[in-house]
Amino acid sequence: MSTLEQLANPSLVASTLGIVALGVALNHWSKRTGLRPNEPVLLPGGLPLVGHAFEYTRDPSALYARVRDFARDLQPISVTMMGQRIYVIMKPQDISTVWKTKELSFDAIVEWGLNTIFTMSPDAVQRLHLDAEDGTGSMYVNSHTFFRDHLAPGRPLELITSGFVEYMMKDIEAFKQKLREVPGGKLQVDLMHWIRQRVGIPSTNAMAGEGLLQYDEGILDAVAQFDKDMFRLSSGLPKWINKGAHDNVRRLSDAFAHGLEGEKSIYWVEKRMKMMADRGISPRDQTTAMMSLWQALQANAIPMTFWMMYQLLRNPDTLQELMQEAKPSLDSNGNLVDIEYLSTKTPKLNAFYWEVLRYASGNTSVRQVLETVSIGGRTLYKGAMVMLPSRPYHMDPEIFGDDCDKFVPDRFLRDGKEPGKLNPGIRSVRAFGGGNTLCPGRHFATNEIFSAVVTIFNTFDISLVDPSQSVCPRTDGSTVSTLPPNKVVLADIKLKEGK
Ligand code: HEM
């Protein structure tokens with residue numbers, strides 16, 4: 001097996017958005033091994049040619065932990081993958097500087113991903129740079145403000161949230177009916193798969209209209225597979241080597257080409273497609289670009305909802321307490337009527353949610369160095385990549401306490417005065433990134449996760465099939481974002497009395 005084939009082996013696939021760095025590395029092979037003046041110190045232990053690539057693909061979290069231990073004062077550290085230099089930045093002040101530094105480009109990464117991973121044509125990827133008659137300029141540059149504005153609290157957020165809740169209630173009704181029809185009124189489910197349907201169906205319909213799932217009802221499973229295939233896809237290897245992964249992307253892209261109708265989707269999908277049409281981008285490429293946005297919509301919200309529900313099932317007293325706290329958001333029939341109440345007036349639910357975000361986030365922001373710059377007293381050279389992994393930060397005992405590797409439901413409620421039991425506050429959690437790429441979907445994500453969790457627990461009695469099973473985030477597998485569970489979790493579901 002060649003090195004590239006070994007790297008493409010599914011058992012070696014990497015596990016965060018930082019996978020993109022490796023993908024870019026594989027596509028920009030170079031032989032540089034020596035350090036340049038004042039370049040961040042190289043992490044020892046890299047292999048000839050491949051550098052730290054195997055270690056990274058085996059377990060990115062373990063590599064980051066090694067980087068953190070080696071750096072000690074958290075200075076930037078170099079790793080190499082297939083000859084590509086990658087700087088790992090960990091110090092909070094340096095991360096803030098990276099987010100503000102225009103020489104460190106996010107757009108270059110997006111451009112590469114749209115073509116290599118999502119299969120948008122090279123012509124369309126270039127056309128996104130063009131201006132149109134409306135004077136909105138490059139679609140890479142305007143995307144940050146576009147999504148921030150169209151997902152902002154106020155009318156835009158209300159619109160997508162109400163669409164989600166409406167579809168969620170329909171879906172819950174359909175599932176209630178299904179339960180009524182099964183013998184014993186009880187079903188055993190793979191909890192992650194079940195949640196993928198409960199959150200994915202309404203969010204897909206709210207964003208893209210009903211046509212997508214009508215065209216292909218399997219797209220939610222296909223996007224879960226897509227997340228697992230991310231490394232294979234980002235490797236840029238010939239399509240025949242990764243045929244299954246490419247066929248799956250094709251399936252998703254076909255569903256978008258045939259099932260997405262601009263005028264039946266949320267207004268900003270149509271608007272974005274019109275902006276692309278104005279730049280001469282073909283309908284197929286327009287729908288492919290929308291597919292990449294839909295993937296961002298699904299990739300984190302679904303596993304985060306899983307972790308919320310799983311941890312609540314593991315902590316029944318907290319579940320009762322949080323449901324009690326959420327009660328004013330429901331009407332006398334138990335229907336969710338006040339979502340704003342959930343996001344703004346429930347300190348315990350919010351604290352629990354931010355602990356879930358901290359505990360399960362596997363996000364790694366990636367940037368490309370467009371011009372040589374100085375960060376954290378070190379010189380970052382043009383052409384290299386920069387990685388900002390959230391996990392080593394979220395697992396830092398000096399910031400979050402000695403129990404940082406555990407899920408602690410009330411971490412962000414405790415007084416933080418007891419030695420080793422710190423509480424740096426929810427603002428210290430970095431699951432949504434930062435700077436001008438700070439996740440614009442975070443308000444909607446919070447609304448959908450809270451409304452799904454409260455409605456589900458208010459409607460169904462759910463119990464873990466094996467309450468003694470210990471499940472934690474899988475750090476050695478493949479995902480693009482939030483870490484999935486390391487085991488399949490089975491749950492029994494039945495209707496609550498009176499529902
Ligand atoms: C709990 C759920 C979510 C998490 C943890 C999350 C996380 C993130 C992170 C870390 C980034 C920054 C990437 C970087 O700087 O490298 C990001 C960007 C983004 N997210 Fe989210 N996200 C979530 C939900 C959503 C949802 C529901 C949507 C869509 C409605 C969305 C749309 C986006 C978009 C469009 C960007 C790119 C922003 C830009 O380029 O300026 N996200 N997300």
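When a ligand or atom number is given, it counts from 1 through the structure's own listing order. Residues take their numbers from the sequence shown, with the count starting at 1.
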Contacting atoms of ligand 1, where contact means under 4.0 angstrom from a heavy atom of Arg367 | 14 (C), 15 (O), 16 (O)
Under the side chain to side chain contact (heavy atoms under 4.5 Å, CB included) criterion, do Trp307 and Val471 qualify, and how do the steps go?
-> CA-CA 10 Å; Trp307 286 113; Val471 178; 4.2 Å; yes
Winner among Leu438, Thr145, Thr437, Val356 once heavy atoms are compared against atom 15 (O) of ligand 1 | Thr437
Between Gly259 and Tyr215 the two heavy atoms that sit nearest each other are CA-CB, 4.1 Å
Atom CD in Glu111, atom CG in Leu128: separation rounded to 0.5 Å?
-> 8.5 Å
Counting heavy atoms only, which of Gly441, Ser292, Gly435, Ala445 comes nearest to atom 31 (C) of ligand 1?
-> Gly441
Ile219 CD1 to Gln295 CD distance, which is reported to the nearest 0.5 Å = 12.5 Å
Presence of salt bridge, Lys348 and Glu325, under 4.0 angstrom = no
Closest heavy-atom approach to atom 22 (N) of ligand 1 among Ala296, Pro303, Cys439, Ser361 is made by Cys439
What atoms of ligand 1 come within less than 4.0 Å of a heavy atom belonging to His144?
-> 39 (C), 40 (O), 41 (O)
Ser481 backbone acceptor or donor facing Asn300 side chain under 3.5 Å | no
Looking only at non-hydrogen atoms, which of Ser365, Ser143, Ser390, Ala206 approaches atom 13 (C) of ligand 1 most closely?
-> Ser365
Would a distance-only check, ignoring hydrogens and angles, find a side-chain to backbone donor-acceptor pair under 3.5 Å from Arg85 to Ser78?
-> no
Does Leu293 reach ligand 1, in the sense of a heavy atom lying below 4.0 Å from it?
-> yes
If we number the atoms of ligand 1 from 1 as shown, the ones under 4.0 Å from a heavy atom of Glu448 are 27 (C)
List every atom of ligand 1 that sits less than 4.0 Å from any heavy atom of Met304, numbering the atoms from 1 in the order shown and giving each element.
-> 1 (C)
Which atoms of ligand 1 have any heavy atom of Ala431 under 4.0 Å away?
-> 5 (C), 7 (C), 10 (C)
State the atoms of ligand 1, each with its element, that fall below the 4.0 Å cut-off from a heavy-atom position in Gly433.
-> 10 (C)
Salt bridge between Arg474 and Asp59, side-chain N to carboxylate O under 4.0 Å?
-> no
Mark the output for Asn436 as yes if a heavy-atom distance to ligand 1 is under 4.0 Å, and as no if none is.
-> yes
